[in-house]
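Computed from a predicted structure; not experimentally measured.
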Amino acid sequence: MVYAGFGLACALSGTPLLYLGGAPGPSALGWAVVAMGSLAALACCAVGRWGLRPALRVMLWAICFACRSTDIHTAVQGHHAEARVA
């Protein structure tokens with residue numbers, strides 16, 4: 001929920017999640033974070049209601065992989081932007 005809330009706050013305020021050098025990144029990334037966070041929250045609610053079924057387990061692993069890939073991508077882009085500025 002915090003992940004989705006952070007993405008929503010960034011998307012609604014127009015704050016980019018990452019910068020590419022001096023230029024801000026696309027604002028659509030905020031909405032992507034909202035979508036991933038919302039899917040994770042729905043999957044967790046479904047697990048709470050129906051238990052950890054195989055399909056829900058696969059969905060949770062896919063969401064975790066997507067969120068982690070996004071975090072790694074953001075960290076790498078931030079590192080490249082800092083290297084270019086310095």
Side-chain angles (χ1 to χ4, degrees):
M1 294 298 292
V2 173
Y3 194 71
F6 172 70
L8 184 62
C10 288
L12 291 177
S13 68
T15 304
L17 291 174
L18 62 103
Y19 284 87
L20 305 171
S27 61
L29 288 177
W31 292 111
V33 169
V34 171
M36 280 193 288
S38 299
L39 282 175
L42 287 174
C44 288
C45 289
V47 167
R49 182 170 179 132
W50 295 298
L52 191 58
R53 300 181 188 263
L56 291 174
R57 185 179 307 210
V58 170
M59 178 186 269
L60 284 172
W61 275 108
I63 292 168
C64 288
F65 177 76
C67 290
R68 185 65 186 151
S69 297
T70 303
D71 291 341
I72 290 170
H73 176 72
T74 303
V76 168
Q77 289 296 328
H79 174 71
H80 288 302
E82 289 172 1
R84 279 184 254 155
V85 172

Hey, can you pull the donor-acceptor pairs under 3.5 Å for the side chains in residues 35-57, sequence neighbours left out?
unit_1, atom_1, unit_2, atom_2, d
Ser38, OG, Val34, O, 2.8
Arg53, NE, Trp50, O, 3.2

### side chain to side chain donor-acceptor pair (under 3.5 Å) contacts in which one or both residues fall within residues 6-16, not counting sequence neighbours
Ser13-Thr15
Which pairs of donor and acceptor atoms, one on a side chain in residues 4-11, lie under 3.5 Å apart (sequence neighbours left out)?
none

